[in-house]
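Notes follow the structure.
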Amino acid sequence: MADGEKLKRERAGTYRTLDGRFTVEQSSSGWLLIDAEQSDDLGLPLARGPFATLDEARAAVDAARIGPAPTSTFTGGRHGSAGVSSGRPRRRPTIVPEPEPEPEQDSEKPTGADADGAGTNDGAPVDLATSRSRTKATPRRAPTPTRPPVTIRELRGVDGDGLRALWGDAGFRSLGDDDLSLGRMARRNPGLLLVATEGTRIVGSALGAWDGRRGAIYHVAVAERHRRQGIATRLVAQVEAGLRDLGCSEVRVHVPDDNEGAQAFWSTRGYAARSRLFARELRDT
């Protein structure tokens, strides 16, 4: 591989070429080569692979640069199909910054010690060395294994099965969750269908849509062990920012009457209940 094709490690399981065009990313099925200059039939960055090893994915970069107009070799999902590059420009979504973590409190400073390190007890001097020798040492906790950061990105053609598993656990049962329908929605709403990932696992989602008059947000869900970490707030904020960029002045979301947790979440974001929604299915009979 030429020097210009060397990969730079961004984080665990993710590498990028020096010019930024190709990203090599580890997934549950193998290594994927994501091409930022080509798109699949969903209008998303083209994914080649999966490859069994990182070296195979790295070698595929050379072939991708000199080969003909590519097609995706990864079907992904139960209804996925190989995508031919559309070549059309894609709107970049507005990125909402991740909130900074709060600083941890210093728990190592001895109780009763002043700025100079000298302690007092009822006004009488205390020998800290003697005092500490009489106190049992607090056992140190084993270090907590570090987890990959939760990142937010656009939906990809390979995400269908992971999303349906997440939505099934959340109790969502609705039309339009198959790969074909998600592909149509992604083409009509570039940059508004978002997923949250921890490593290779999908842990959250929010699907935005705009009909030219009003916006809507569907399927806001977070995996159970990742809740109350601000993931849903980040997802919704980024979808709202994308809709605002399009000129959308109002966004709606359907909330079941018996889901008090969801009602509380949307209320805290300034959403208010409106009149009851009427709907009709247009499936073939």
Side-chain angles (χ1 to χ4, degrees), residues 77 93-102 104 144 147-155 159-179 181-182 184-186 188-189 191-199 201-211 213-246 248-283:
T94 300
I95 303 299
V96 178
E98 181 176 355
E100 294 291 335
E102 296 183 0
E104 296 182 358
T144 303
R147 292 165 54 181
V150 174
T151 59
I152 295 177
R153 60 167 173 79
E154 294 181 48
L155 176 142
D159 292 334
D161 286 338
L163 284 172
R164 283 184 286 271
L166 173 71
W167 296 337
D169 291 341
F172 292 165
R173 298 289 185 272
S174 64
L175 301 174
D177 291 347
D178 59 279
D179 286 354
S181 297
L182 289 174
R184 284 196 295 260
M185 186 177 183
R188 292 175 61 89
N189 302 278
L192 296 180
L193 278 66
L194 304 179
V195 298
T197 63
E198 182 184 70
R201 182 189 173 200
I202 295 176
V203 299
S205 69
L207 311 183
W210 188 49
D211 61 10
R213 186 176 182 183
R214 295 184 179 89
I217 303 178
Y218 304 94
H219 281 17
V220 177
V222 176
E224 186 172 0
R225 64 178 298 216
H226 292 79
R227 292 172 187 170
R228 302 197 177 279
Q229 299 177 23
I231 297 174
T233 298
R234 290 169 55 194
L235 286 163
V236 171
Q238 189 160 323
V239 172
E240 290 174 340
L243 289 168
R244 192 178 298 112
D245 288 346
L246 292 171
C248 178
S249 59
E250 182 183 79
V251 60
R252 296 179 175 182
V253 59
H254 175 69
V255 182
D257 294 334
D258 59 351
N259 193 332
E260 296 181 358
Q263 292 174 11
F265 170 80
W266 293 107
S267 294
T268 59
R269 291 201 58 81
Y271 287 71
R274 296 282 181 86
S275 59
R276 181 173 296 276
L277 175 70
F278 285 75
R280 177 187 178 189
E281 295 183 4
L282 297 178
R283 293 186 300 182

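The shown structure was predicted, so the numbers you read here are calculated from the model rather than taken from an experiment. Scope of the values below: all heavy atoms of this structure, side chains included, with no hydrogens, waters or symmetry mates. In this chain, residues are counted from 1 in sequence order.
By the side-chain hydrogen bond (donor to acceptor under 3.5 Å, both in side chains) test, Arg153 pairs with Asp159, sequence neighbours left out. Every residue two or more places apart in sequence or in another chain was checked for a side chain to side chain contact (heavy atoms under 4.5 Å, CB included) with Ser267, and none qualifies.
Taken from CH2 in Trp167 to CZ in Phe172, the straight-line distance is 9.0 Å, to the nearest 0.5 Å. Here the CD atom belonging to Gln238 is positioned 5.5 Å from the CD1 atom belonging to Ile152, to the nearest 0.5 angstrom. Atom CG of Asn189 and atom CG of Leu246 lie 8.5 Å apart (nearest 0.5 Å). Here Arg214 contributes atom CZ and Ser249 contributes atom OG; the two are 8.0 Å apart, rounded to the nearest 0.5 Å. Here Leu192 contributes atom CG and Tyr218 contributes atom OH; the two are 11.5 Å apart, rounded to the nearest 0.5 Å.
Val222 and Arg227 get closest at one heavy-atom pair: O-NE, 2.9 Å. The shortest non-hydrogen separation linking Leu182 to Asp177 is CD1-O, 3.7 Å. Nearest heavy atom pair, residue Trp210 against residue Gly215, reads CD1-N, 3.8 Å. Closest approach of Val239 and Gly208 over heavy atoms only: CG1-CA, 3.7 Å.
A donor-acceptor pair under 3.5 Å is absent between the side-chain atoms of Arg188 and the main chain of Ala209, judged by distance alone. Side-chain N or O atoms of Glu224 include none that pairs as donor or acceptor with a backbone N or O of Ala170 at under 3.5 Å. In terms of modelled atom types and a separation under 3.5 Å, the side chain of Gln263 and the main chain of Asp257 share a donor-acceptor contact.
The closest side-chain heavy-atom distance from Thr233 to Arg269 is below 4.5 Å. No side-chain heavy atom of Val253 sits less than 4.5 Å from a side-chain heavy atom of Phe265. When side chains are defined from C-beta on, Leu235 does not count as touching Val220, because their heavy atoms never get closer than 4.5 Å. No side-chain heavy atom of Leu166 sits under 4.5 Å from any side-chain heavy atom of His219. Side-chain contact between Asp179 and Arg164 is present, with at least one heavy-atom pair separated by less than 4.5 Å.
Within 6.0 Å of CD on Glu260 lie no more than 12 heavy atoms contributed by other residues, nucleotides or ligands.
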